[in-house]
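Sequence lines set the chain letters: A, B, ... in the order given, protein chains first and strands last, and positions in each chain run from 1. Values below: all heavy atoms of this structure, side chains included; hydrogens, waters and symmetry mates excluded.
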Protein chains: 2
Amino acid sequence: MILVFKISVNISSIKEVRTLTKNTPKEYYMDIKISSFPRGENLFMGLFSKKKGISVQTVRRLPQYLRVLYDRHAYGRLLVSSTELAEETQVPPIVIKKDLQAVGAPSKMRAGFKVKGTIAAIETFLGWDNLNKAFLIGAGHLGAALLGFSGFKNHGLEIVAAFDTHPERVGNEINGIHVYHTAQMKSVIEEKKLQIAILTVPVAAAQGITDTLVACGVKAIWNFAPVKLNVPPDVAVQQEDIASGLAELCARLKAK
Amino acid sequence: MILVFKISVNISSIKEVRTLTKNTPKEYYMDIKISSFPRGENLFMGLFSKKKGISVQTVRRLPQYLRVLYDRHAYGRLLVSSTELAEETQVPPIVIKKDLQAVGAPSKMRAGFKVKGTIAAIETFLGWDNLNKAFLIGAGHLGAALLGFSGFKNHGLEIVAAFDTHPERVGNEINGIHVYHTAQMKSVIEEKKLQIAILTVPVAAAQGITDTLVACGVKAIWNFAPVKLNVPPDVAVQQEDIASGLAELCARLKAK
DNA sequence: AACTTGTAGATATTTTTATATCCATATGAT
DNA sequence: ATCATATGGATATAAAAATATCTACAAGTT
């Protein structure tokens with residue numbers, strides 16, 4: 001059997017072999033790496049197939065799509081195309097297509113994605129189709145802002161308790177959520193079987209409270225304090241850092 | 001001149017040529033793509049050199065480093081290694097090293113990065129070494145939280161005015177910042193020559209206010225409303241979306 | 001003085017993410 | 001009925017970002 005290779009190389013990849021003595025005639029070589037395969041007809045297809053998970057970036061974009069989908073659903077629309085979603089979200093249509101395909105959104109050829117099914121697919125993927133009970137620590141301005149945001153109920157999150165140490169805050173209700181003293185945290189967490197914590201306390205208090213949370217068996221912490229928290233590997237920490245966004249804005253502003 | 005090529009190929013890349021007639025003997029070929037070059041000695045070095053900008057991810061990490069650096073500086077430390085920064089920030093040391101090299105942070109071989117110089121390099125890069133005047137629209141809970149955050153002055157941002165439409169908010173002072181009525185926005189912006197807007201208004205109002213901002217010549221909008229804003233290309237919009245973080249947390253939680 | 005070690009510096013490689021291309025198909029227009 | 005067209009599906013390519021490797025060096029240790 002004769003194998004005929006069609007090779008096209010970029011001449012700049014040629015390297016001179018280290019000449020040990022001055023009189024040796026020069027030699028050259030280059031390294032070759034295969035990184036792509038002819039479409040479809042490869043003799044050894046499937047050898048390199050590896051299933052991938054869904055990327056973090058995709059996950060972060062899903063809520064945007066969801067908002068548009070809710071809107072279209074409210075208007076009775078049955079289908080929505082990636083092009084249309086792109087106009088609303090300013091995310092490129094190809095990215096949207098791939099994102100939705102990744103979460104298994106149902107579609108109809110040449111027409112678009114099915115609104116209802118796509119909503120369901122995203123909500124299921126994120127676990128937003130049933131409510132998780134969460135609680136908040138630190139009922140200051142930011143904490144109050146989060147407690148006042150009713151949208152969380154559409155996002156699978158129900159904040160059922162808040163904690164603080166300030167005497168003038170303890171005992172209050174914010175948006176119908178009772179503010180307990182932090183000292184009661186352990187008993188309330190265990191009584192209500194809470195697993196998701198929202199941390200909006202000052203930096204100095206964050207790690208100490210985190211240790212308590214971990215001891216209480218909390219499995220997820222949404223941290224708004226600008227410090228990295230030390231937790232055991234089975235606890236998920238989601239870090240929100242306002243300064244990151246500002247830095248990005250400043251860098252973009254400077255670039256102009 | 002003789003060129004000697006040393007070629008090593010992965011056999012799975014071989015493809016069969018489409019045989020047009022049944023009797024033609026089979027042929028095979030493969031495509032070759034050069035994607036790496038021998039270290040240092042390439043004959044055509046520099047041909048492909050293209051200077052790259054600093055990545056978005058790097059920019060977003062810079063504030064974290066800055067916090068640790070401020071702390072070390074306060075303790076009188078002169079040098080800090082990427083390893084040490086890694087412990088505090090939980091960012092891999094190699095990433096830190098590359099990030100700091102990218103902004104041109106000064107260092108000392110075998111000892112680490114110079115604390116003072118690195119702070120200066122980051123602050124200069126982000127433009128945080130001199131104050132930009134900003135204003136905030138929407139003095140609700142979230143707005144008040146941002147107005148109350150004194151840390152912005154370390155981040156090159158000085159909020160000098162706030163706007164709202166609620167009668168009970170207009171005329172107040174929050175953390176020393178006066179709340180004007182939104183109707184006065186145009187005149188105050190022009191009088192104080194403001195270019196950076198922080199948008200913490202409800203979704204329904206966001207685009208309308210944005211149009212006004214653009215008309216007033218605002219060049220940067222930090223948007224906390226969960227909608228994409230339509231702006232001309234010369235205006236920078238930085239989108240903060242609380243739901244993205246929540247989605248990421250939920251996905252991580254589900255993966256466990 | 002010779003050796004060990006931890007670090008930045010430079011580059012290479014891998015992984016992840018985004019974008020492009022091509023195709024089959026369903027829809028609507030002609 | 002035929003055709004043009006917009007779309008998802010599948011795949012390929014490119015770009016961005018993370019991670020790994022190797023070297024030179026300076027500071028300590030023996």
Side-chain angles (χ1 to χ4, degrees), chain A residues 13 15 30-42 45-46 48-61 78-87 89-114 117-118 121, chain B residues 13 15 30-42 45-46 48-61 78-87 89-114 117-118 121:
Chain A
S13 63
K15 179 201 151 181
M30 63 181 199
D31 293 318
I32 303 284
K33 172 188 162 190
I34 310 299
S35 72
S36 74
F37 303 90
R39 187 179 303 186
E41 301 174 36
N42 192 300
M45 271 186 71
F48 297 90
S49 69
K50 46 183 172 182
K51 52 185 163 194
K52 289 186 180 180
I54 291 181
S55 85
V56 179
Q57 306 304 324
T58 296
V59 169
R60 294 183 64 91
R61 280 187 296 263
L78 297 177
L79 294 163
V80 60
S81 72
S82 59
T83 321
E84 184 179 348
L85 282 167
E87 276 168 23
T89 59
Q90 291 174 33
V91 176
I94 309 177
V95 174
I96 295 179
K97 194 168 62 164
K98 277 198 51 172
D99 286 346
L100 294 183
Q101 286 173 356
V103 296
S107 60
K108 221 179 146 189
M109 247 306 181
R110 153 67 235 223
F113 290 89
K114 296 177 184 173
T118 304
Chain B
S13 63
K15 181 201 150 179
M30 63 182 201
D31 293 320
I32 303 284
K33 171 190 165 191
I34 310 297
S35 72
S36 74
F37 303 90
R39 187 180 301 185
E41 301 175 37
N42 192 300
M45 271 186 71
F48 297 90
S49 70
K50 45 183 172 183
K51 52 187 163 191
K52 290 186 180 179
I54 292 182
S55 83
V56 180
Q57 304 305 323
T58 295
V59 168
R60 295 184 63 91
R61 280 188 297 263
L78 297 178
L79 294 163
V80 61
S81 72
S82 58
T83 321
E84 184 178 347
L85 283 167
E87 276 167 23
T89 58
Q90 291 174 35
V91 176
I94 309 175
V95 174
I96 295 179
K97 194 168 61 166
K98 277 197 52 174
D99 286 348
L100 294 184
Q101 286 174 356
V103 295
S107 61
K108 220 180 146 188
M109 248 303 181
R110 150 73 235 219
F113 290 89
K114 296 178 185 173
T118 304

Take the protein atom [atom1] of [X] and the nucleotide atom [atom2] of [N], then report the distance between them rounded to whole Å.
X     : N      : atom1 : atom2 : value
B:Q57 : C:dT17 : CD    : C1'   : 10 Å
B:R61 : D:dA16 : CZ    : P     : 15 Å
B:L85 : C:dA8  : CG    : C1'   : 13 Å

With the threshold set at under 4.0 Å for non-hydrogen atoms, list the residues of residues 89-107 of chain B touching DNA chain C in residue-number order. B:K97, B:Q101, B:S107
Partners meeting side chain to side chain donor-acceptor pair (under 3.5 Å) with B:Q90 (sequence neighbours left out): A:N230
Please enumerate all residues that pass side chain to side chain donor-acceptor pair (under 3.5 Å) together with B:S55, with sequence neighbours excluded. B:T58
Pairing residues for [X] by the side chain to side chain contact (heavy atoms under 4.5 Å, CB included) criterion, not counting sequence neighbours:
X      : result
B:P92  : B:V95
B:T89  : B:Q64, B:Y65, B:V68, B:V91, B:I96
A:A102 : A:I54

With side chain to side chain contact (heavy atoms under 4.5 Å, CB included) as the criterion, how do A:T118 and A:V80 come out once you've worked through the C-alpha distance, each side chain's angles and the decisive distance to 0.1 Å? CA-CA 10 Å; A:T118 304; A:V80 60; 6.0 Å; no
Just the atom pairs and distances: protein N or O near nucleotides 3-7 of chain C's N or O, under 3.5 Å.
{"from": "C:dT5", "atom 1": "O2", "to": "B:R110", "atom 2": "NH1", "distance (Å)": "2.9"}
{"from": "C:dT7", "atom 1": "OP2", "to": "B:T83", "atom 2": "OG1", "distance (Å)": "3.3"}

Per the salt bridge (charged side-chain N to carboxylate O under 4.0 Å, His left out) rule, what does the pair list look like for residues 97-108 of chain A, sequence neighbours excluded? A:R61-A:D99
Scanning both residues in full, the closest heavy-atom pair of A:A121 with A:A105 reads CB-CA, 4.0 Å
